[in-house]
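Let me begin by presenting the structure, written as structure tokens, before commenting on it.
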Amino acid sequence: MGAPVHGSGLRTDRPERSRRALVAGSVGNFIEWYEFGVYGYFATVIAARFFTPEGGSEVEALVKTYASFALAFFFRPVGAALFGRLGDRVGRRPVLIMVIVLMTAATTLIGVLPTYDTVGALAPWLLTFLRVLQGLSAGGEFGGAVSVMTEFAPPGRRGLYGSWQSFTVALGLLGGAGVAALLATVLSEGQLGDWGWRLPFLLTLPMGLGALWLRLRLDETPSFESLREEPLPERPPGREVAKAIALGAGRIMGWAAAGYTFLVVLPSYLQSSLNATFQQALVATVLANLGFAATIIPAGLLSDRIGRRPVMLTGALLVTVLAVPLLNLLQNTGTSNAVKGGAVFVAGAVVGLMAGPGPAMLSEMFPTSVRYTGLGLAYALSNAVFSGCAGLIITETIKRTGSVDIPAYYAAVTCAVSVLALLTLRKEPVQEGS
């Protein structure tokens, strides 16, 4: 199913309103992925503080940490359905305001949680509860943010505007990595484990207040305003929407899996499997995210010119072919640091080719009346299965098999499946009003 479910209803508006929508939509994505990045980067520290009772193994604690990580992702589809339905009925603006409040509160509270040493078995339950709230808010964030960006986009610029969602993901992950690297540099290992890990989560509060202010100034999208003027807005059949959601999830599963494998899971993998230091792992992650950020917006812009299909297919095919060779470079002790740095940069860059056009591609699959729900669910389901479970699957499989090539196989196989789904996407460049 390559064409949209129905006419998209996308319209243009004044440039200043479009720019305001771009910023207001992007800022929530930044905070969301900053926090998810921080959680991934500090996975080993969090495991020791929340999931390691006396006598427990470090590997077991890390698996439990990633299980909590995955649980938050599995609540994303719930949040996408709940907030998406509201967003398609009452508007994008009020729902995005609710989402940013919930996201900010849950993330900030992680920074003040008592640890296992203080409250015992209650600690991991409290952490998991806040992760669930984060999952709900994150599920409601993507659909609304992408709807706002693409519905305000000028003619022929939906790929570019939608790519800012992915670009702010990269900025959020880089921000989290930067904060983690700074703390690892200025604090001792003991200080970082005792209280330093809390600081990145507490920083979410001022960021969230700034995001709230921006969204309070946001206008409702012209597409949704037009929908409200219709006496009986047309809604596509549920079966047709469900089919589009499943297809959309398949088209981005490689982006979801490879993105989290290379951009978030990499630090813990390098430490636990390749004996890298915390600082070395963070440097590798920063380079991967820089590569990711470098290609996202050019890929979105290019997709406005030649279509979403060729750009996303190129990214998925490159990951399928290059994942194992790139990982082998990292594993080889004879490989220079410069070559290893180039390898992780390239790994991030090829994921960016999928992430740039991805939001616009999903948006164009659904009409205005179900866009918030449809694209949000497609994204949330794909991320729940292939991103949220990445750390858990990779860590547990390496533990059971002893193979350190598992991350590369995981990324390659999921991208190969995405290639098949992307082949159903139409070849021609996307036209306005489609």
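Because only heavy atoms are used, hydrogens play no part in the values below, and waters and symmetry mates are left out as well, while side chains stay in.
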Exercise for the section: Taking side chain to side chain donor-acceptor pair (under 3.5 Å) as the test, write out the residues that go with Thr295, two or more places apart. Expected result: none
Exercise for the section: Could you check Val27 against Thr168 for side chain to side chain contact (heavy atoms under 4.5 Å, CB included), going step by step and ending with a plain yes or no? Expected result: CA-CA 7 Å; Val27 70; Thr168 49; over 6 Å; no
Completion exercise
So CG of Leu171 and CD1 of Ile296: to nearest 0.5 Å the spacing works out to 8.0 Å
Problem - Flag, side chain of Asn383 to backbone of Tyr379, donor-acceptor distance under 3.5 Å - result: yes
Handout entry: Flag, side chain of Ser418 to backbone of Gly250, donor-acceptor distance under 3.5 Å
Key = yes
Practice task
For Thr373 and Gly84, indicate whether the former's side chain and the latter's backbone hold a donor-acceptor pair under 3.5 Å.
Solution key: yes
Handout entry: Backbone N/O of Gly356 and side chain of Ser163: donor-acceptor pair under 3.5 Å
Key = no
Exercise for the section: Determine, stepwise, if the pair Met354 / Arg251 fulfils side chain to side chain contact (heavy atoms under 4.5 Å, CB included). Expected result: CA-CA 9 Å; Met354 294 181 282; Arg251 288 173 176 172; over 6 Å; no
Exercise for the section: Can you spot which of Tyr260, Tyr39, Phe142 makes a ring pair (Phe, Tyr, Trp, His ring centres under 6.0 Å) with Trp33? Expected result: Tyr260
Exercise for the section: Return the orientation label for the Trp197 and Phe201 ring planes: parallel under 30°, perpendicular over 60°, tilted otherwise. Expected result: perpendicular
Practice task
Measure the spacing between CZ of Phe292 and OG of Ser166 and express it to the nearest 0.5 Å.
Solution key: 5.5 Å
Fill in the blank from the handout: To the nearest 0.5 Å, atom CD1 of Ile398 lies from atom CD1 of Ile394 at 6.5 Å
Practice task
Would you kindly check if the NZ (Lys) or CZ (Arg) of Arg19 is within the cone defined by 45 degrees around the ring axis of Tyr161 and under 6.0 Å from the six-membered ring centre?
Solution key: no
Exercise for the section: For side chain to side chain contact (heavy atoms under 4.5 Å, CB included), just list the numbers for Phe42 and Leu192, CA-CA rounded to whole Å, side-chain angles, deciding distance to a tenth of an Å, and then say yes or no. Expected result: CA-CA 10 Å; Phe42 283 102; Leu192 193 64; 3.9 Å; yes
Practice task
Taking the side chain as every heavy atom from C-beta outward, state whether Ile306 and Ser303 have any atom pair closer than 4.5 Å.
Solution key: no
Handout entry: Side-chain heavy atoms of Met361 within contact of Arg309, under 4.5 Å
Key = no
Problem - Neighbour count >12 (heavy atoms, 6.0 Å) for atom CH2, Trp125 - result: no
Exercise for the section: Supply the atom-to-atom distance Phe129 CZ to Leu113 CG, rounded to the nearest 0.5 angstrom. Expected result: 10.5 Å
Fill in the blank from the handout: Taken in chain and number order and not counting sequence neighbours, the residues that satisfy side chain to side chain donor-acceptor pair (under 3.5 Å) with Glu32 are Arg76
Exercise for the section: Kindly indicate whether the side chain of Phe262, heavy atoms from C-beta on, has any atom under 4.5 Å from the side chain of Asn289. Expected result: no
Handout entry: Heavy-atom side-chain proximity of Leu199 to Val179 below 4.5 angstrom
Key = no
Problem - Neighbour count above 12 (heavy atom, 6.0 Å) for Trp164 CH2 - result: no
Problem - Residue list, side-chain contact (heavy atoms from CB on, under 4.5 Å) with Pro77, at least two apart or on another chain - result: Leu377, Ala380, Leu381, Ala384
Practice task
Measure the shortest side-chain to side-chain distance between Leu212 and Leu216 over non-hydrogen atoms and say whether it is less than 4.5 angstrom.
Solution key: yes
Handout entry: Flag side-chain contact, heavy atom, 4.5 Å: Leu327 against Pro407
Key = yes
Practice task
Without swapping roles, check the side chain of Arg371 against the backbone of Ser147 for a donor-acceptor pair under 3.5 Å.
Solution key: no
Exercise for the section: Only counting residues at least two apart or in another chain, list the ones meeting side chain to side chain donor-acceptor pair (under 3.5 Å) with Glu141. Expected result: Arg215
Handout entry: Check: Pro222 and Glu225 side chains under 4.5 Å, non-hydrogen atoms
Key = no
Completion exercise
d(Leu86 CG, Tyr372 OH) to nearest 0.5 Å is 8.5 Å
Practice task
Find out whether Glu364 and Arg308 are in side-chain contact, i.e. whether some heavy atom of one side chain is under 4.5 Å from a heavy atom of the other.
Solution key: yes
Practice task
List for me each residue that meets side chain to side chain donor-acceptor pair (under 3.5 Å) alongside Glu220, sequence neighbours excluded, and say none if there are none.
Solution key: none
Problem - Main-chain N/O of Ala256 paired with Ser387 side-chain donor or acceptor, under 3.5 Å - result: yes
Practice task
Drop me the distance from Leu290's CG to Leu173's CG, to the nearest 0.5 angstrom.
Solution key: 11.5 Å
Handout entry: All side-chain contact (heavy atoms from CB on, under 4.5 Å) counterparts of Val321, not counting sequence neighbours
Key = none
Problem - Pair Arg158 + Asp304, salt bridge at N-O below 4.0 Å - result: no
Handout entry: Intermediate values then yes/no, side chain to side chain contact (heavy atoms under 4.5 Å, CB included), Tyr34 and Ile31
Key = CA-CA 5 Å; Tyr34 162 84; Ile31 294 173; 5.5 Å; no
